[in-house]
Structures are given as structure tokens and as C-alpha cells.
Amino acid sequence: MKVTVVGAGNVGATCADVLAYREIANEVVLVDIKEGFAEGKALDIWQKSPINLYDTRTVGVTNDYSKTADSDVVVITSGLPRKPGMTRDDLISTNAGIVQSVTENIVKHSPNAIIIVVSNPLDVMTYAAHITSKLPRTRVMGMAGILDTARYRAFLAEALNVSPKDIQAVLMGGHGDTMVPLPRYTTVGGIPVTELIEEDKLNAIVDRTKNGGGELVKLMGTSAWYAPGSAAAQMVEAIVRDQRRVFPVCVKLEGEYGIDGVYLGVPVILGKNGIEKIIELQLNDEEKQLLETSRGHVKEVMDALDNINAAKA
Ligand code: LMR
């Protein structure tokens, strides 16, 4: 299996590293526009192979998409990360052009690839990649739900003093402050989380999760990379190993949850064909309302992208 990661910055390089040391692909191609940058990162990852004992070939290229030809999966991490004080949506005008041009190059050389978008604003960049690629919606998706649930699970594990491995959770909606964590569907070793933690503590964790990316931007002056890169690699693994894992993934909704034409995180089954199935939960009124708020927000940013593209045309 051949996997390309576009963008050799912190997130892309972390993703490539996880793909390599966990031997998720035979070959990982790392692409960047900065001369020599991807080559250097790929070489560094390759030089780690005798220490960490893996044989995934890692290759770096500067903007040469011919080297990405016939990739099975492509992860797009290109674009700017945010700085303190910015929202993810502030990145739209810069990152949309980048994601659209990367997608054109990818599809030209790997027409059968499955595309995973990581660039922000995530849901709208997934939209940008999908309309540019003209691929079926099952083959163009966004990574955010695994990251957001990982943050939620990590915070819960800390609060309950249990292993994060035993916390199962699902989260829906856009990758932003309007995301919808679902405590009703959160369990700890099979026990509903609401039986183990007081409501106010759980609410505080939900709020912290919603602002999880921003918390890290504030601390580091730039966006996170270990968890986002690992989350993208986990999606690649589910696809290349046809694991049929159940993850929250950003996809174009076409009537599911009563929503049409908006890109939102929902639980799906992820396997060799990409999104094998969208799972429709029976949401209660409060959850439906939160999802509707998130839908409205993402749609506004999608409309902003349409206006940017129309002004360019
Ligand atoms: C994250 O959640 O870590 C990413 O979306 C990056 C960011 O700017 O928050």
C-alpha cells in the first residue's frame, strides 16, 4: 500500500512517522512546497527505522506529484496553522486555495485514491477537496472526530483516574466550538459515564473538549500535531487494513440526520472503500438542536468559500 501525506509540517510529519513506524503502509511519500523540507523529514524518519524496527519506505519530494502516483490513500495537511487569537475559520482564504490546488494534483496522479483532509477549517476544507476532486463522497473525508473524541476521552480518563483505553465515546458536528460531544453515548468499560462523574464535572470536560485545539494554540503559539497526526494515521490504517472501524468522520451529508449538502462529523464505518456506511443515531431533542447549530455554522463558512471561489472565477 502506498500513502501520500501532503504537507511536511508538524502534523504531516507526525502522520508520516506513525504510518512508518506502525508499518501501516509499505511506502509513504511526503510532499511539501518548501525545497528539501519533505526530503529531510522523510530521510530522518527512514533513519529511525533500524532503531524502531520497521521497513516502511519513506520518501520526500518537493512539489513533485508524479512521485505520489497511484497512492491508495492521500492525507492533506497543507496550509497554515492558526496562531493565538485566531479561529480556524480565519484560515479559510489562505488554506482553500492551497487545498484546492493540492487536490487537483493528487487526483491527476492518483485518480483512485481515498482522500483524508486535515487542513483547517476542517469541514469546509473537506468540502473544498470534495468539489475539486469530483470523487464520490465516500472517498473524500475529513479528520477531526477522532481527534476531538481523543481529547474528550483523555480528559475523562484523567478526571476518573482510569485508562483512556477503556473510554468509548462519539462526538458529532463541525470541528469547532459548536462540535457536539455526546455524553449519552459515552461509556467507561461499558458503564455509562453519567454513572461515574458528576454532571458539572462532565459539562466542564465537554467545554474543555470544544476548546481543545484553542487551548493548545494558546500554550504553544501554534496548532497541535501529535494527536492530529496520529488521528489521521488511524484513519489511514482503518482503510488500508479494511478494519471497518467505527469513527466520527467529516463527510458530506445527503439527507442523513435530516441534513443535506453540509459537511459534518458523524459516526461512520471506515474500511477499504472509505466510508462504508454512515451510522444514524437516534438523537434526542437537545442533541438535535446542538447539531443544527453546528450545521448552521459550517454552512455559513461553506457559503464564504463559495463567495471566495466565485470572486476568483
Ligand atoms: C486542532 O484541533 O488541534 C486543530 O484543528 C488545530 C487547531 O488550530 O486547533
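Ligands are counted one by one from 1 in listed order, and the atoms in each one are counted from 1 as well. These figures come from a predicted structure and were not determined experimentally.
Here the closest heavy-atom approach between residue T62 and residue G36 is recorded as OG1-N, 3.1 Å.
At a 4.0 Å heavy-atom cut-off, ligand 1 touches N120 through the side chain alone. No part of L122 comes within 4.0 Å of ligand 1, judged by heavy-atom distances.
When E276, R245, Q243 are each tested for a side chain to side chain contact (heavy atoms under 4.5 Å, CB included) with I269, only one passes: E276.
Under the 4.5 Å side-chain heavy-atom criterion for Ile, Leu, Val, Met, Phe, Trp and Tyr, F37 and W225 are members of distinct hydrophobic clusters.
Annotation for E23: atom CD counts as buried by contact number, over 12 foreign heavy atoms lying within 6.0 Å. With a 6.0 Å radius and a threshold of 12 heavy atoms from other residues, nucleotides or ligands, I33 has its CD1 atom at or below the threshold. Around the NZ atom of K165, the shell of radius 6.0 Å holds no more than 12 heavy atoms that belong to other residues, nucleotides or ligands. For R137, the CZ atom counts as densely surrounded, since its 6.0 Å shell holds more than 12 non-hydrogen atoms of other residues, nucleotides or ligands.
Of all the atoms in ligand 1, the ones that sit under 4.0 Å from a non-hydrogen atom of A224 are 3 (O). Near H175, with a cut-off below 4.0 Å to any heavy atom, the atoms of ligand 1 are 1 (C), 2 (O), 4 (C), 5 (O). Listed by number with element, the atoms of ligand 1 under 4.0 angstrom from any heavy atom of G213 are 1 (C), 2 (O), 3 (O), 9 (O).
Shortest contact from atom 3 (O) of ligand 1 to any protein heavy atom: R151 NH2, 2.7 Å. The nearest heavy-atom contact from the protein to atom 7 (C) of ligand 1 is R82 NE, 3.3 Å.
Judged by the shortest distance from any of its heavy atoms, M86 lies outside the 4.0 Å radius around the atoms of ligand 1.
At a 3.5 angstrom cut-off on N or O pairs, D148 does not count as close to ligand 1.
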